[in-house]
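Structure, as structure tokens:
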Amino acid sequence: MFPYTELKQQDQQVYDAIRAEERRQLYELELIASENHVSLPVLETMASVFTNKYSEGYIGKRYYAGQENVDTIEGLAIDRAKALFGAEHANVQALSGSPANAAVYFAIAQPGDTILGMSLAHGGHLSHGHPVNFSGKLYNFVQYGVDPETHLIDMDEVRRLAHEHKPKVIVAGFSAYSRDLDWAKFKEIADEVGAITFADIAHIAGLIAGKQLENPTPLFDVVSTTTHKTLRGPRGALILCKEPFAKEIDKAVFPGMQGGPHDHINAAKAVAFKEALQPEFQDYAKQVIVNAQTLAQSLVDMGHVIITGGTDNHLMLLDTIKSKGLSGQEAEHALEQIGVSCNKNMVPFDERSPFDPSGVRLGTPAITTRGFKEAEIKKLAQWIDGALSNADNPTELENIKAQVREVCEQFPVAGTV
Ligand code: DSN
């Protein structure tokens with residue numbers, strides 16, 4: 001879509017890779033639950049000369065000169081983020097999800113403090129206390145998970161662990177859990193033990209901004225999110241908090257964790273937040289969930305095993321071992337052969353390894369942005385079933401791939417050829 005005339009002259013290899021990636025995104029389908037397709041205005045803004053600027057500090061208090069335009073875009077991003085989530089304070093400088101969470105812990109806890117978070121193996125996130133991550137190394141994380149029978153978060157277990165370990169912070173949030181969180185219950189438990197409440201809404205921020213899922217911001221002390229998943233902005237993050245935490249959060253981001261913010265990205269965050277404030281964004285968010293529910297139900301109807309039997313949000317976990325006797329790795333590969341990207345994923349109580357687990361995670365934000373509705377989703381379910389039933393049949397995989405490509409051509413992706 002962009003001409004890239006200068007780039008083509010100067011660096012053919014990078015130019016070719018960009019064009020190839022444009023074709024891949026256009027002719028294939030993204031079911032990776034954390035991905036999306038940003039709008040042209042967001043793409044344009046990321047390519048702006050704001051990338052040249054350094055602007056350590058905050059609005060009106062910077063360490064370098066020439067900040068009048070940076071202050072404008074950062075102010076717009078902050079005001080729009082506060083309006084979108086009803087927040088008392090917003091920091092838009094965090095570079096991405098894990099750095100944002102690092103800044104949050106840095107602001108509200110001391111190394112060695114006890115924090116309660118959801119186990120990655122049950123759908124949490126690396127930065128919620130996994131032992132190989134900074135969070136698990138620096139803090140004394142206690143992990144909660146899901147019930148072995150229902151695969152739903154066991155709130156009685158959360159309460160029991162909170163009373164037993166008296167955490168400084170309770171983290172609510174996930175990267176692979178398909179059901180609503182009971183924000184009020186988390187808050188109630190935190191209040192019982194005097195813990196700070198921290199919601200990581202990275203996966204569902206767009207569904208909350210689009211008014212389809214309940215917003216924890218009015219209830220919780222601190223909220224973090226990435227800006228590029230369902231929220232459909234540039235890669236980056238956002239931290240929201242109650243006013244009493246504002247100073248510590250800002251100090252933790254800069255100078256605590258980061259140097260200069262990425263002003264071109266922050267400008268694009270402002271653009272994306274404006275998009276998310278429009279009524280059409282609510283239609284998109286609603287359709288993301290309808291599409292996910294349609295996909296889950298269609299797969300269940302064809303005999304596949306979806307963890308918890310369905311979804312309340314944009315994602316689902318498909319147990320490919322139980323469905324078709326394929327490992328997550330094999331299923332991911334089969335789907336890639338038909339032009340559908342997803343990621344292999346552990347299912348709760350998985351006995352296999354993270355590199356070759358028992359399932360895949362599927363999500364609908366990117367295909368919804370392209371315009372997929374229920375009719376296309378039903379076709380998609382058949383393609384997925386076809387690919388997983390014919391993983392060893394290259395001719396059939398090629399045949400399905402041609403059908404995927406034909407439909408993709410009718411649903412353009414902003415910024416592609
Ligand atoms: N990598 C993101 C995801 O796919 O959920 C989380 O950081």
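Both counts, for ligands and for their atoms, begin at 1 and track the order of listing. Computed from a predicted structure; not experimentally measured. All values below were derived from every heavy atom in this structure, side-chain atoms included, with hydrogens, water molecules and symmetry-related copies excluded.
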Fill in: Numbered atoms and elements of ligand 1 in range of Ser175, under 4.0 angstrom, heavy atoms
5 (O)
So which protein heavy atom does [atom] come closest to, and at what separation?
atom: atom 1 (N) of ligand 1; value: Ser34 OG, 4.5 Å
atom: atom 5 (O) of ligand 1; value: His203 NE2, 2.7 Å
atom: atom 2 (C) of ligand 1; value: Lys229 CE, 3.9 Å

Worksheet item: Can you check whether His125 has an N/O within less than 3.5 Å of an N/O in ligand 1?
Response: yes
Discussion item. Quick check: Tyr105 with Phe141 (ring centres under 6.0 Å apart)?
Written reply: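 Aromatic pair counts; centres sit under 6.0 Å.
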Among side-chain atoms of [X] and [Y], is any donor-acceptor pair under 3.5 angstrom?
X: Ser389; Y: Lys324; result: yes
X: Gln403; Y: Trp383; result: yes
X: Gln329; Y: Lys344; result: yes

Worksheet item: Relative to ligand 1, is Arg361 under 4.0 angstrom through side chain, backbone, both or neither, heavy atoms considered?
Response: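 Just the side chain.
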Item to complete: State, yes or no, whether a side-chain contact exists between Val146 and Phe349 at a heavy-atom distance under 4.5 Å.
Response: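 Sidechains of Phe349 and Val146: in contact.
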